[in-house]
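Being a predicted model, the structure only gives us computed values, none of them experimental.
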Amino acid sequence: MPKIYLCFILFFFGFLSKAQVNIEVYYSESVLLKELNNESTPLDIKIELYGKLSSYNRGLDNDELSEYYLTEAFKIADSTKNTMWMARAIWWRAYVDRKLNSADSLYRYALRNHLIPYQIRARTLQIKATIHSPENSDENYIKEASRLLENWNTSSPLKDSLKIDFYWNTAHYYIHQFDGEQISLYLISLRDYAEQNYNEELKVQAIQCLGDIYREWSWTWPELSEKAIFWYNQLYSYRKKNHEYNLLLHPIIGILAQCVEKKDTTTGLRYFNEFVHLKDSLGAYGERSRFVYELASDLGLISTNQLILLYKTNFDNHIYASKKFRNQKIASFYIRENLLDSAKAYINFSSETYSDKSILFLYYYAQKDYRKAIDIFPSIQKLWTEKTALQTKKEYFERLAEMYAKTNEYDKAYQALQEFGQLKDSLNQLYDKDKLLGVELNKQIEIQEAKYKEEKKQREVEIEKQEYLNTFKLFVLSFGLLAIGLFSIVQFRNNKQRKKSADQIEKAYTKLKSTQTQLIQSEKMASLGELTAGIAHEIQNPLNFVNNFSEVSTELIDEMNEELVKGDIVEAQEIGKAVKENLEKILHHGKRADGIVKGMLQHSRSSSGVKEPTDINTLCDEYLRLAYHGLRAKDKSFNSKFETDFDASIGKIEVIPQDLGRVILNLITNAFYAVNEKKNQAEGPFESLVTVTTQKKENQIIISVKDNGNGIPKEVVDKVFQPFFTTKPTGQGTGLGLSLSYDIVKAHGGELKVESKEGEGSEFFIQLPKR
């Protein structure tokens, strides 16, 4: 078989090969559809089935059906409103399209919804999309994917699986960039996974990637063929050992493809016989088994007529390729065998598709009807894209020059021959460049493999050292335990004598702990009382609005009924509008009261101990108002000015809102107490002021509570966070508020500090880490 046919086969092989997840289409379309129509099949599995069906049909040029399956996958994902499932549907779109803009859409969606695995998958697809598009080549995709993998803090095997896929695609990228050093580094990274023993699934994924890489580039560098066969043999052994017969097709096709390149009929026959032995089970998964037969035909293991017969019978009804696709294959095989009358029955003469036009061109060329072949060529040329192989173009122009010469159109023959020559030169340049890269790649691989072996040896030495060190530590530990045992016997007698005094100390400690618990509970109840009083005042305002608007609405309805009796519809409608506005206000204030109640429940319940994203500015504002109204409820004469200055750029940070709320409430209550004390002592006019501010500074969030009260005496300012220390008169404070606040802030990884000037006021700072 000419190399163009082999490339066509291996294109599909590569297109359907395993990437970051197991997406191979091993099962027939009918089996996939049967599972899809099963009512018990979960929705996320249906998205996968639709994606596989779309990928399979795109490979057979059934674009319309492929698009239909993708649309169905999107419908399911959209109906569930599940961002992960929607990301999966978008991933299938990008995987099937193999276009940069589709991969960009996936990245934007994953970034918007904070889906790190799909951000990595999108970057990997972007790398893959740029491999054959030099104008879109961008190493930033590689850098971004590498950064995402490095910063993703997880021990999930999924991260390693995504790494393997990233290494695989990046190695392909650098092969096209002719960068042997980078290629070898990523191949070595894949080998690390392929030779590990902690996770067999990752091991097998890496082995398959290595086989695929060496297989693809052995076309240019035949010396790499042996390495491709080595890794495919390993993959075959793993699959067979684990009885994964439905996954044996991948290594069989890979090895047979290498046998075609090497013309190794002996090895090819062995693996073709393996395939034949598995034929009964292969029928259950076998869309790609047709590649085995085509490769067997190239090796002369079966005749072209046998291959044509298999396509005619849909491979004994094991494969469900479309009639159009099968007719194209059969026609191309007949043309190759120069059985043109037989080929004619399978050619679609009216089709405008690229594949049908190409077959028709070859048919007329083989028939020596050069004029018709020449007339078809412009329509074929229009359908060429940037991905159309130079080899394909060269072969067309070579035939075109020949046909123009035979129809005596020598000027056009000369032009076609010039195009042929330019394409041939371009191919030779690429071939020479590939050869140079092949030499460089082998050199780099040898260097990196030598380095790898040395590092592996060093690791083994380190492991031996560590094992020896562990043995020595165990010996020392055993000796230490023996010494401790002897010491314990001696101490036992002494401890027995101390037991009586220890019991007395324990009783005293229990009594002290009980007293401390009572004081802490007293402090908490005092805080809760102030909080409740503030909430009661806050909730009274919306309730007053609800009552007032309800009364007014009742009167308006009576008036509206009177107007309706009079027949004044216009006036009644105006009153109706006023009633509606009142009801909207009732609803607004009802929701406001509801929010206050929910806030009360949220902040007064016991702490869950679980950190959650919290708006610090909102938290400070709520507790400032609650503290103020709580004090007003206790003392009607109390009044103070307060101000806020909140940094809007802070956003939400991870804290325990109930615990941090108690700290803020305590500091603000103390501040109001301080300014009120100074106001009561002042002989002249005094304007009390409490200021609450928030600020983001580098990697910290700073909450400040400042007052212009009497301040804290310099000699006691260092004691304010000690348990049971208070500057308040006896009976007005437990001395635990600031101590508990200090412990809560410390538990959040922050600091609680104070600055004070006696006679001028105090300022407390809560410093929290920004995570």
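In the model, Asn348 has no side-chain atom that pairs as donor or acceptor with a side-chain atom of Gln328 under 3.5 Å. In the model, Tyr410 has a side-chain atom that pairs as donor or acceptor with a side-chain atom of Asn408 under 3.5 Å. Under the 3.5 Å distance criterion, with hydrogens and angles disregarded, a donor-acceptor pair is assigned to the side chains of Gln367 and Tyr363. Checked by atom type, the side-chain pair Tyr414/Gln418 shows a donor-acceptor distance below 3.5 Å. Of the N and O atoms on the side chains of Asn38 and Ser40, at least one donor lies less than 3.5 Å from an acceptor on the other residue. Judged purely by distance below 3.5 Å, without hydrogens or angles, the side chains of Tyr173 and Gln182 never pair a donor atom with an acceptor atom. Using modelled atom types and a 3.5 Å distance limit, the side chains of Tyr311 and Glu294 yield a donor-acceptor pair. Donor-acceptor pairing under 3.5 Å is recorded for the side chains of Thr353 and Asp356.
In this structure the side chain of His172 never reaches within 4.5 angstrom of the side chain of Lys128, judged on heavy atoms. At least one side-chain heavy atom of Tyr50 sits under 4.5 Å from a side-chain heavy atom of Ile76. Contact annotation: the side chain of Tyr364 never approaches that of Arg371 to less than 4.5 Å [non-hydrogen atoms, C-beta and beyond]. Using a 4.5 Å cut-off on side-chain heavy atoms (C-beta onward), Leu106 and Arg93 make no contact. Side-chain contact between Thr124 and Leu162: absent, with no pair of heavy atoms (C-beta onward) separated by less than 4.5 Å. Side chains of Glu398 and Leu423 form no contact here, defined as non-hydrogen atoms less than 4.5 Å apart. For the pair Leu249/Phe275, a side-chain contact is recorded, criterion being any heavy-atom separation below 4.5 Å from C-beta on. Here the side chains of Cys209 and Ile164 are in contact, with some heavy-atom distance below 4.5 Å.
Between Phe377 and Phe361, the ring planes lie tilted relative to each other; the angle falls in the 30° to 60° range. The aromatic rings of Phe272 and Tyr293 lie perpendicular to each other, with more than 60° between the two planes, well past the 30° mark. Ring geometry for Tyr95 against Trp91 counts as parallel: the plane angle stays under 30°, on a 0 to 90° scale with 60° as the upper cut.
The residues Asp44 and Arg88 are annotated as not salt-bridged, no charged nitrogen and carboxylate oxygen being separated by less than 4.0 angstrom. A salt bridge between Asp160 and Lys163 is absent, with no side-chain N of the basic residue lying under 4.0 Å from a carboxylate O of the acidic one.
Aromatic ring centres of Tyr214 and Tyr232: separated by at least 6.0 Å.
By the 6.0 Å and 45° rule, Arg399 stacks over the aromatic ring of Tyr365.
Results of the side chain to side chain contact (heavy atoms under 4.5 Å, CB included) test with Leu36 over Leu53, Thr41, Ile45 single out Leu53 as the only residue that passes.
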